[in-house]
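As a basis for the values below, the full set of heavy atoms in this structure was taken, side chains included, without hydrogen atoms, waters or symmetry mates. Just so it is clear, the structure is predicted and the values come from calculations on it, not from any experiment.
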Amino acid sequence: MLQLAHALAVAMLTSAATPSNVAQNGQIMSSSGQIPPSVGYANVAPLVLTAPIIADATIRSAVRIKGVESQGVVDGFVRFYVMADVAALIRGPGAVAAQVGYLVDMPLEAGGRLPRPKGMRVIMFARPVAGRPDQVQLIEQGAQLLWSPATDSLVRNIAEAAIQPDAAPAITGIGNAFHVPGSLPGEGETQIFLRTQSGDPVSLSILRRPGESPRWAVALGEIVDDAAGPPQRDTLLWYRLACGLPATLPEESTANEDPERGAIAREDYAFVLQALGPCTG
């Protein structure tokens, strides 16, 4: 029966996941149960925002998958078919069973030792399998985190932020950008309008005043609030901007601008990216 179950799970394994995804998400795993320093908001947010099912579960049993069924496993990893007891459903439909099976690729431990999944408490990011409420499919090969209070809190915070009515939408591109000089030399304001997946308006404003460092703000809506400021790091809005904005302002965004003003707009855009910091951690 167990062989049939893990054979079914292998058949349901998506071909869209790549070895690079396996490696990236495998690094999230740590035998100590702690979050490695390289894993933070920007690493966890894509999993939370993508997965239809997010569950706190404990692995009850694990069978190593070998041969043809382990095709695609990268060096340094091994594949298991696990059965896990779901303790809490952070997000998901009501059809998720109390015990589910799925495939997971895990990194070898120090010295090439096999990991021991049995008994691990994890947070898994998965999608349902049609007609099989007792089976799920990880959204990426290895898309699970070892449970810890910090991990649990981070996952729940992102999931909660994503369902708020005023949640920051995903950025899909940049629209028009323009710079308006002020009455004094070195004074002016740049407005940059962003395209979003939802169609909701998002814009950046950068203010320059003589003798002062530029100040910038982001507006979610039609009205720009001059009292608003940059988003705090490790928030959904910060993630949407830091990880969704292109590396440079597209030329077409300032196509109708005076070249000098367009150059200032590009400089102000670069200032915003620097202030946001890299999409890491």
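In terms of modelled atom types and a separation under 3.5 Å, the side chain of Thr50 and the main chain of Leu47 share no donor-acceptor contact. Although no hydrogens or angles enter the test, the distance criterion places a donor-acceptor pair under 3.5 Å between the side chain of Arg113 and the main chain of Ala110. Judged purely by atom type and a 3.5 angstrom limit, Thr254 has no side-chain atom pairing as donor or acceptor with the backbone of Glu257. With Ser153 contributing its side chain and Ala150 its backbone, the two residues share no donor-acceptor pair below 3.5 Å. Side-chain atoms of Arg127 do not come within 3.5 Å of backbone N or O of Ile53 as any donor-acceptor pair.
For the pair Leu204/Phe193, no side-chain contact is recorded, criterion being any heavy-atom separation below 4.5 Å from C-beta on. A 4.5 Å side-chain heavy-atom check between Asp152 and Trp147 finds at least one atom pair inside the cut-off. Here the side chains of Leu49 and Arg240 are in contact, with some heavy-atom distance below 4.5 Å. Taking the side chain as every heavy atom from C-beta outward, Val78 and Ile65 never approach each other to under 4.5 Å. Side chains of Val104 and Leu138 form a contact here, defined as non-hydrogen atoms less than 4.5 Å apart. Contact of the Arg91 side chain with the Pro52 side chain is not registered, since no non-hydrogen atoms from C-beta on lie closer than 4.5 Å. Counting heavy atoms from C-beta outward, Val48 and Leu154 have side chains that stay 4.5 Å or more apart. Counting heavy atoms from C-beta on, the side chains of Leu146 and Met120 come closer than 4.5 Å.
A salt bridge does not link Glu69 to Arg64: none of the charged nitrogens lies less than 4.0 Å from a carboxylate oxygen.
Heavy-atom minimum distance, Ile174 versus Ser253: CG2-OG, 3.5 Å. Nearest heavy atoms, Ala265 versus Ile192: O-CD1, 4.4 Å. Smallest separation of non-hydrogen atoms from Tyr102 and Met124: CE2-SD, 3.4 Å. Nearest heavy atoms, Ile206 versus Pro214: CG2-CB, 4.1 Å. The two residues Phe125 and Leu145 have their closest heavy-atom pair at CE1-CG, 3.7 Å. The two residues Ala177 and Leu249 come nearest to each other via the heavy atoms CB-CD2, 4.0 Å.
Between Trp238 and Tyr41, the angle of the ring planes goes over 60°, which puts this pair in the perpendicular group of the 30/60° scheme.
Each of Glu187, His179, Glu267, Glu189 was checked for a side chain to side chain donor-acceptor pair (under 3.5 Å) with Arg208, and the lone residue meeting it is Glu267.
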side-chain contact (heavy atoms from CB on, under 4.5 Å), that's the test. Do Leu103 and Tyr81 meet it? Break it down for me.
CA-CA 5 Å; Leu103 289 174; Tyr81 175 73; 3.9 Å; yes
Test side-chain contact (heavy atoms from CB on, under 4.5 Å) applied to Val63 and Phe80, step by step:
CA-CA 5 Å; Val63 176; Phe80 291 94; over 6 Å; no
Assess whether side-chain contact (heavy atoms from CB on, under 4.5 Å) is satisfied between Val100 and Asp134, documenting all intermediate values.
CA-CA 5 Å; Val100 295; Asp134 62 335; 5.6 Å; no
Begin from the C-alpha positions of Arg266 and Thr248 and carry the test side chain to side chain donor-acceptor pair (under 3.5 Å) through to its verdict.
CA-CA 8 Å; Arg266 287 190 290 275; Thr248 58; over 6 Å; no
Quick one, Leu245 with Leu194, criterion side-chain contact (heavy atoms from CB on, under 4.5 Å). Give me CA distance, side-chain angles, the key distance, then yes/no.
CA-CA 9 Å; Leu245 290 173; Leu194 309 182; 3.8 Å; yes
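Environment of CD in Gln164: crowded, with over 12 heavy atoms of neighbouring residues, nucleotides or ligands closer than 6.0 Å. The environment of CD in Gln197 is sparse: at most 12 heavy-atom neighbours from other residues, nucleotides or ligands sit within 6.0 Å. Arg116 CZ: 12 or fewer foreign heavy atoms inside a 6.0 Å radius. Counting heavy-atom neighbours within 6.0 Å of Glu260 CD, excluding the residue itself, gives a total of 12 or less.
Within the model, atoms CG of Leu241 and OH of Tyr239 stand 11.5 Å from one another, a figure rounded to the nearest 0.5 Å. Separating the CE atom in Met106 from the CZ atom in Arg79 is a distance of 13.5 Å, to the nearest 0.5 Å. Within the model, atoms CG of Leu236 and CD1 of Ile163 stand 11.5 Å from one another, a figure rounded to the nearest 0.5 Å.
Following chains of ILVMFWY side-chain contacts shorter than 4.5 Å, one cannot reach Leu184 starting from Val180, and the two form parts of different hydrophobic clusters. Residues Leu207 and Ile264 do not share a hydrophobic cluster, clusters being chains of Ile/Leu/Val/Met/Phe/Trp/Tyr side chains in contact below 4.5 Å. Hydrophobic clustering places Ile158 together with Ile171 (ILVMFWY residues linked when any side-chain heavy atoms are closer than 4.5 Å, directly or through intermediates).
No side-chain donor from either of Asp268 and Trp216 sits under 3.5 Å from a side-chain acceptor of the other.
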